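This chain uses plain numbering: 1 for the first residue, then up along the sequence. We count ligands from 1, going down the list as the structure has it; atoms in each ligand are counted the same way. A quick note: this is a predicted structure, and the numbers were derived from the prediction, not measured.
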Amino acid sequence: MGAPWSSGTGRLPDGALTVGGVDVRGLAAQHGTPAYVLDEADFRMRARAYRTAFEAAFGAVGTGVDVYYAGKALLTVAVARWAREEGLRVDTASGGELAVALRAEVPGAGIGLHGNNKSDAEILRALDAGVGRIIVDSLVEIERVARLAAERGVVAPVMVRVTTGVHAGGHEYIATAHEDQKFGLSVNPVGDTGSPAMNALLAVLKHPELKLLGIHSHIGSQILDPDGFEAAARVVLRLRADLAERSGVLVDEVDLGGGYGIAYLPGDVALDPERVAKDIAQSVAGVCQDLGTSLPRFSIEPGRAIVGPAGLTLYTVGTVKPVTVSDAGGGAEFVRTYVSVDGGMSDNIRPALYGAAYHAEVVGRSSAADTVLARVVGKHCESGDIVVHEVQLPADVRAGDLLAVAATGAYGRSMASNYNMLPRPPVIAVSDGASRVLVRRESEDDLLALDQG
Ligand SMILES: Cc1ncc(COP(=O)(O)O)c(C=O)c1O
């Protein structure tokens, strides 16, 4: 069917949607709704596409690249295994994500640990697992990791997360001098104390318990233009050269983070991995030539671009209510059809949190009816409980219809909550005409399991 649906999505002659060769009516009957449905072949195809595009482009300019799947987008044991089997490493952002990656037998050396406030326990777990890199985020944390590495008698491999002043998202990037956010250390000097990023890099070098692998930069999410990555890479490579001048150490690796944008609506054009890989590779090669430094090895951390389009959420419509509203100017009246489904902001918080736009279709049948302007809403006690702000649905949409929302694979389940004590939906993988449960649906017993009465 094309974007924003996964590559394994189609329609049967009677109008029912299939994904991974499985009829969604069968999925609903077998697993219930709401349910997250994940097209395994689509996930694997995108993982491979990113790895091969970046390996080819960076290989062509004479260096290597590692692709880390950003587990924060969606991490289950099976998903981590798929990433590993497709030759990706796994980026984790907490002890819990680290535990999932380890349960999936991702080798420690292929795991990165992020976080702006890692606990001692998380750092120790990472050291014990022999993770390939801990991305440090503050001077306090550099001392903490050094102390814990000394306690364990190991040398901790670290990267320093820096902020370049480049923010990206959507179609543009903006460059600002100082960033007002919690992540990373700024490359820009503060008074006469130098730049926090340079100070952190020098602090790491002073510790025999730490090995400085390189510099990390993550500039934003849902980026649809490679310029932001190139601008950030320029800043990081200049910092790397400055560090070499100051310390004699030319670090081996630069990580450019994640943020590669996808299609959420029909007509959206996702960032093409081949194009962005080539643009970045050629740009960094030119920058290193100008700086007179060798090229480092690179790494990237895509999450959404791998798993977002592979997922859809399957709901059942419960109520349909036409509501007469006035347009923003208080003038003309029109009807908006509110379509309530059996999930909502607890299984996808992004529309409420960021105003994120999604696309929905009735997927259990065909309809010859005209379309109406609809808003898909959830069942929570919040008027902001919106699943899809605006979509054209058949005028005969009714209770009992199956409705699917496209491209919910990333940051749906991983940001899900139990608001209103709703059990979180299962994650169902589909592949080659069969479905299997990756994460089961929560039950009322699960909801009460932690309540001590
Ligand atoms: C450090 C880091 N890497 C990677 C990602 C993944 O971003 P995306 O899923 O947009 O590719 C994020 C997302 O917030 C991040 O903070």
Side-chain angles (χ1 to χ4, degrees), residues 43 46-47 49-51 53-54 65-75 79-80 83 88-94 97-98 101 111-118 122 126 131-138 141 158-164 166-171 173 179 181-185 197 213-226 228-229 232-233 236 253-264 268 270-273 276-277 280 298-311 348-350 353-354 356 407-415:
F43 178 100
R46 288 176 205 278
Y50 264 83
R51 183 173 58 72
F54 275 77
V65 66
D66 296 307
V67 180
Y68 285 74
Y69 168 62
K72 55 181 71 73
L74 174 68
L75 201 62
V79 166
L88 271 57
R89 300 176 176 215
V90 177
D91 158 40
T92 63
S94 70
E97 288 184 5
L98 176 58
I111 299 177
L113 179 66
H114 268 283
N116 67 301
N117 186 16
K118 306 171 193 75
E122 287 173 317
V131 301
R133 57 196 210 176
I134 297 175
I135 296 90
V136 294
D137 197 83
S138 63
E141 191 177 65
V158 302
M159 298 187 89
V160 172
R161 180 162 173 177
V162 304
T163 51
T164 56
V166 176
H167 287 280
H171 293 275
Y173 78 87
E179 297 195 31
Q181 55 129 328
K182 69 174 184 173
F183 289 113
L185 293 134
L213 299 180
I215 307 173
H216 186 289
S217 149
H218 170 79
I219 56 170
S221 51
Q222 188 54 12
I223 298 164
L224 292 165
D225 181 335
F229 293 110
V236 171
E253 192 172 334
V254 165
D255 191 302
L256 298 175
Y260 302 86
I262 65 168
Y264 278 104
D268 282 357
L271 204 54
D272 172 27
V276 70
I280 300 174
F298 285 84
S299 46
I300 59 165
E301 297 172 337
R304 180 193 319 268
I306 310 291
V307 73
N348 188 0
I349 190 65
R350 295 189 68 254
L353 196 57
Y354 313 122
T408 57
Y411 306 106
R413 165 73 203 191
S414 67
M415 295 178 91

Checklist entry - In ligand 1, which numbered atoms sit nearer than 4.0 Å to a non-hydrogen atom of P302? => result 11 (O)

Checklist entry - Near G303, which atoms of ligand 1 are under 4.0 Å from a heavy atom of that residue? => result 8 (P), 9 (O), 11 (O)

Next on the checklist: Salt bridge check, K118 against E141: does any charged N sit closer than 4.0 Å to a carboxylate O?
Outcome noted: yes

Checklist entry - Which is it for H218 and ligand 1 at heavy atoms under 4.0 Å: side chain, backbone, both or neither? => result side chain

Item to check | For ligand 1, the portion of A70 having any non-hydrogen atom under 4.0 Å away | outcome: side chain

Checklist entry - Among protein heavy atoms, which lies nearest atom 13 (C) of ligand 1, and at what distance? => result K72 CD, 3.4 Å

Checklist entry - Is the F43-Y69 ring centre distance short of 6.0 angstrom? => result yes

Checklist entry - Just checking, is any N or O donor in the side chain of D66 or S299 under 3.5 Å from an acceptor N or O on the other one? => result no

Checklist entry - Where's the contact between Y411 and ligand 1, heavy-atom distance under 4.0 Å: side chain, backbone, both or neither? => result side chain

Next on the checklist: Looking at non-hydrogen atoms alone, which of S221, G220, G259 comes nearest to atom 8 (P) of ligand 1?
Outcome noted: G259

Checklist entry - Could an N or O of ligand 1 be found under 3.5 Å from any N or O of A73, whether backbone or side chain? => result no

Checklist outcome for this item: Looking at E301, R304, R161, the heavy atom closest to atom 3 (N) of ligand 1 belongs to E301

Checklist entry - Considering residues at least two apart in sequence or located in another chain, which fulfil the ring-ring contact (aromatic ring centres under 6.0 Å, His included) criterion with H218? => result none

Item to check | Pair E301 + R161: basic N to acidic O under 4.0 Å | outcome: no

Checklist entry - Would you say the side-chain atoms of S414 pair up with the backbone N or O of A73, donor to acceptor, closer than 3.5 Å? => result yes

Next on the checklist: Ring-plane angle category for F54 and Y260, please: parallel below 30°, perpendicular beyond 60°, tilted otherwise.
Outcome noted: perpendicular

